Amino acid sequence: MKLMVINGPNLNFLGIREKDVYGTMRYEDLCRYITEEAQKRGHTVSVLQSNREGKLIDFLQQAYREHVEGIIINPGAYTHYSYAIRDAIAAVRLPCVEVHMSNVHAREEFRHKSVIGPVCAGVIAGFGKHSYLLAVDAVKSIIG
Ligand code: DQA
């Protein structure tokens, strides 16, 4: 499968930000982990990150143009309020899985709501770096 992993704001600060919540793995190491594990499973993957909402929408439109087969997105805090990212996911009509490293439901109340989830095939949260690989398997199960 040809996959795109999109990470939103502050995820490039993994290893620096709130280590008690997100762990000590640096962002570069997470990217390497996702890429290597996806390749072992026979997939090609591009892992992209931006702190800007519009750029995340550009990535989603790029996925459409490049005939990506599945999208895995961690929208960071945009999860909870970005109707623009939600509309972009609905527009491209590609299988999409929302992921979170932390268990957002065990955290502050504002994190309990996702405006992205309803346009995704499903949501995986709370498994740290493994959330991304569970999402790879989930996309595979959707595409068949
Ligand atoms: C996050 C959860 C969000 O609530 C938060 O704003 C993030 C990271 C996660 O991966 O657990 O930036 O998406």
Side-chain angles (χ1 to χ4, degrees), residues 1-41 43-64 66 68-143:
M1 288 187 305
K2 184 175 175 180
L3 300 171
M4 182 181 279
V5 175
I6 301 174
N7 284 309
N10 298 308
L11 287 156
N12 59 321
F13 253 43
L14 287 177
I16 301 170
R17 72 185 295 206
E18 299 158 288
K19 292 180 190 161
D20 51 322
V21 178
Y22 300 111
T24 54
M25 186 184 231
R26 292 176 311 153
Y27 182 67
E28 307 77 61
D29 298 326
L30 174 71
C31 294
R32 194 174 314 113
Y33 170 76
I34 295 169
T35 305
E36 287 176 1
E37 291 298 324
Q39 281 171 355
K40 277 186 207 163
R41 291 163 170 75
H43 310 308
T44 57
V45 63
S46 44
V47 185
L48 306 170
Q49 190 275 335
S50 180
N51 292 326
R52 293 177 183 79
E53 188 177 28
K55 190 72 187 168
L56 298 175
I57 293 165
D58 290 342
F59 291 153
L60 288 161
Q61 294 183 359
Q62 179 186 333
Y64 174 83
E66 292 180 354
V68 163
E69 293 168 274
I71 296 169
I72 293 160
I73 187 164
N74 183 346
Y78 285 133
T79 303
H80 313 298
Y81 65 92
S82 176
Y83 297 118
I85 293 174
R86 175 192 170 124
D87 282 353
I89 294 169
V92 300
R93 294 176 70 87
L94 291 168
C96 185
V97 175
E98 176 187 324
V99 303
H100 300 286
M101 298 190 75
S102 65
N103 180 358
V104 283
H105 299 289
R107 301 181 63 195
E108 302 95 321
E109 200 168 339
F110 76 88
R111 297 184 204 275
H112 298 179
K113 181 171 173 62
S114 168
V115 300
I116 307 294
V119 293
C120 290
V123 180
I124 296 168
F127 301 99
K129 65 181 184 178
H130 303 294
S131 290
Y132 290 89
L133 291 191
L134 292 168
V136 169
D137 291 341
V139 172
K140 187 166 168 24
S141 77
I142 298 164
I143 294 173

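Being a predicted model, the structure only gives us computed values, none of them experimental. Position 1 is the first residue of the sequence; numbering continues from there. Read the numbers this way: they start at 1 and go in the same order the structure lists the ligands and their atoms.
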Subject >> Distance-only polar pair, side chains of Y132 and N7, donor-acceptor under 3.5 Å >> reply: yes

Subject >> For atom 9 (C) of ligand 1, the protein heavy atom that lies nearest, with its residue and separation >> reply: M101 N, 3.4 Å

Original post:
If you count the atoms of ligand 1 from 1 in the order shown, which ones are under 4.0 Å from a heavy atom of H80?
Top reply: 3 (C), 4 (O)

Subject >> V104: numbered ligand 1 atoms lying under 4.0 Å from its heavy atoms >> reply: 2 (C), 4 (O)

Original post:
What distance separates K55 NZ from Q62 CD, expressed to the nearest 0.5 Å?
Top reply: 7.5 Å

**OP:** Could you find the nearest protein heavy atom to atom 11 (O) of ligand 1 and give me its residue, atom name and distance?
**Re:** S102 OG, 2.6 Å

**OP:** Starting at NE2 of H100, measure out to OG of S114 and round the result to the nearest 0.5 Å.
**Re:** 5.5 Å

Original post:
Polar-atom distance check: T79 versus ligand 1, any N or O pair below 3.5 Å?
Top reply: no

Original post:
Salt bridge between R26 and D29, side-chain N to carboxylate O under 4.0 Å?
Top reply: yes

Original post:
Between R107 and ligand 1, does any nitrogen or oxygen pair lie at a separation below 3.5 Å?
Top reply: no

Original post:
Any idea which part of V21 is under 4.0 Å from ligand 1, heavy-atom wise: side chain, backbone, both or neither?
Top reply: neither

Original post:
Is S82 reaching over with its side chain to a backbone N or O of T79, donor-acceptor style, under 3.5 angstrom?
Top reply: no

Original post:
Among the heavy atoms of Y22, does any lie under 4.0 Å from an atom of ligand 1?
Top reply: yes

Subject >> N-O pairing of R41 and E37 below 4.0 Å >> reply: yes

Original post:
Is there a donor-acceptor contact under 3.5 Å from the side chain of E53 to the main chain of I85?
Top reply: no

**OP:** Please write down residue, atom name and distance for the protein heavy atom closest to atom 5 (C) of ligand 1.
**Re:** R111 NH1, 3.2 Å

Original post:
Nearest protein heavy atom to atom 1 (C) of ligand 1, by residue and atom, and its distance?
Top reply: H100 ND1, 3.6 Å

Original post:
Can N10 be said to touch ligand 1, with heavy atoms closer than 4.0 Å?
Top reply: no

**OP:** Mark the output for R17 as yes if a heavy-atom distance to ligand 1 is under 4.0 Å, and as no if none is.
**Re:** yes

Original post:
Can you find an N/O atom of A77 closer than 3.5 Å to an N/O atom of ligand 1?
Top reply: yes

